[in-house]
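What follows is one structure encoded as structure tokens, with my remarks underneath.
Sequential numbering from 1 along the given sequence is applied to the chain's residues. Note that ligands are numbered from 1 as they come in the structure, with each ligand's atoms numbered from 1 the same way.
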Amino acid sequence: MKNVLLIVTGSIAAYKAADLAHGFRKAGFNVNVIMTRNAAFFINPITFETLTGNKCVMDTFDRDFDFEVEHISLAKAADLCMVAPASADIIGKIANGIADDMASTTIMAVKCPKLIAPAMNTAMYENPIVQDNMKKLKSYGYEIIEPARGLLACGDEGKGKLPPVEELIECGLRHIGHIKDMAGKRVLITAGPTAERIDPVRFITNHSSGKMGYALADAAADRGAYVTLVSGRTALKAPLGVDRVDVFSASEMAEEVFKRQKDTDIFIFAAAVADFRPAEISKSKIKKKDGETPVIHLERTVDILETVGLKRTEKQYICGFAMETEDLIENAAKKLKKKNADMICANSLRDEGAGFISDTNRITLIKKDGNRELPFLSKRELSDLIFDEIVSDISQRTGVSS
Ligand SMILES: Cc1cc2nc3c(=O)[nH]c(=O)nc-3n(C[C@H](O)[C@H](O)[C@H](O)COP(=O)(O)O)c2cc1C
């Protein structure tokens, strides 16, 4: 079992650390909590002891220990160290090498990934000294988790809130929750619908929610990849650590993809890109006229998958998606060949709980060496199975097992 070392300091947000400790525990980690003496004004160590099943440590010179020097043994055992909430004080201490209590001394000895989640009043957070200290910590490899904006406990409005506990856990999982078998890989994923303008107020689009592409982006980021998500209009939030580029139309999506063609190792084309667009976009709103029904002439949009496939290198990996109402597998196999892709994920519009809006999907992987039907699962779970296949294909090509 992996160990999370949670360090809680004297911020009003300290009460949220109880949920954080509980969340890491629920996610399957052993959690040790160290509190500063000032944190104990905000929350009682017994809360953490009950939630984690481990002693909550505060005192460097506590003589009630079983084995090694406690700050060193906790530091050595940790697979991840998160300071949340991190006071301006602890940030200043770490940045300046001060180790005068259990929390700051242990951080000094920790070698695993260190994540700092500042939480404080906006004026404190914006203070150039605090900002400089955070810059310094970043330069030493500490990860600073950006605080959220909102109404602060002191009544001020601005940046400085501890982000929601789920986000903090997600940040932690990025480091220890998943095998990093895609570390360093540059992955470009398209997601969501494109929309084609008719006039300044109207456009043609489709039902894509973007959920499949966003789930893939989340999975790739969890496995250590650098992910660029070129996204059409969706209501979804970009997964943490993913670089999202918003686009509207198929041609904008194509432009953003082509720009990155050379610098991408793996392409996943999960967006529902329009095949046709109005041949002309009216500059003014098309008016209703008595007895007249306007006709919109359509023209083909650029085929992003095919264009990338034409210019691809041997090393690049291309995975497309196919969604059909008829002859899905046959059409997906044709698409694989025609577009020079490595894999097509065929998803049927006919299956219940699969396709556009749902959180689940049914996918068949189509490759040159055969087809493989994946189980009916959530889009997030399927994303991992898709990347398992991609990682295994890439390692077979290079002869390197991951
Ligand atoms: C009611 C109250 C709320 C506080 N909230 C914060 C806070 O959110 N962030 C912060 O950096 N300091 C906050 N402070 C100030 C710190 O508790 C103070 O700087 C303390 O020395 C930090 O100690 P520590 O870093 O050892 O925990 C607060 C103080 C009080 C009295």
Side-chain angles (χ1 to χ4, degrees), residues 4-21 23-24 31-49 51-52 54-62 70-72 74-75 78 81-110 114-138 140 142-168 171:
V4 172
L5 177 60
L6 177 62
I7 298 185
V8 182
T9 69
S11 150
I12 191 69
Y15 72 95
K16 295 182 185 168
D19 274 345
L20 186 56
F24 275 124
V31 182
N32 282 292
V33 178
I34 297 180
M35 289 171 75
T36 61
R37 292 235 152 257
N38 290 324
F41 286 112
F42 298 88
I43 184 164
N44 196 293
I46 294 171
T47 306
F48 293 115
E49 290 175 343
L51 292 171
T52 66
N54 289 321
K55 183 179 161 192
C56 175
V57 190
M58 269 199 296
D59 189 352
T60 327
F61 301 102
D62 183 356
E70 200 132 30
H71 65 273
I72 302 295
L74 285 176
C81 172
M82 183 179 283
V83 188
S87 62
D89 173 65
I90 195 86
I91 291 170
K93 276 187 189 171
I94 314 170
N96 292 287
I98 295 168
D100 67 349
D101 63 2
M102 188 65 185
S104 51
T105 308
T106 307
I107 296 168
M108 215 54 77
V110 159
K114 292 173 283 265
L115 276 60
I116 312 280
M120 62 197 75
N121 164 275
T122 308
M124 284 173 85
Y125 179 72
E126 288 173 350
N127 186 312
I129 300 174
V130 174
Q131 289 294 324
D132 277 352
N133 285 337
M134 287 192 297
K135 249 188 232 156
K136 194 165 168 189
L137 289 183
K138 275 190 202 165
Y140 283 119
Y142 289 72
E143 181 178 321
I144 307 287
I145 302 171
E146 284 269 299
R149 278 180 185 281
L151 185 65
L152 300 164
C154 54
D156 286 359
E157 183 117 27
K159 202 166 176 180
K161 278 175 90 71
L162 191 70
V165 163
E166 306 78 58
E167 272 184 32
L168 295 174
C171 288

How would you list, by chain and number, every residue that makes a side-chain contact (heavy atoms from CB on, under 4.5 Å) with Ala39, sequence neighbours excluded?
-> Val8, Met35, Thr36

For ligand 1, the residues whose heavy atoms come within less than 4.0 Å (ordered by chain, then number) | Thr9, Gly10, Ser11, Ile12, Thr36, Asn38, Phe42, Ser87, Ala88, Asp89, Ile90, Ala119, Met120, Met124

Considering non-hydrogen atoms only, spot the tightest contact between Ala99 and Met108 and give its length.
-> CB-CE, 4.3 Å

Are Lys136 and Asp132 within salt-bridge range, i.e. N to O under 4.0 Å?
-> no

Scanning both residues in full, the closest heavy-atom pair of Leu51 with Ala18 reads CD1-O, 3.4 Å

Without swapping roles, check the side chain of Thr9 against the backbone of Ser87 for a donor-acceptor pair under 3.5 Å.
-> yes

Taking all non-hydrogen atoms of both residues, which atom of Leu20 and which atom of Leu168 are closest, and how far apart?
-> CD1-CB, 3.7 Å

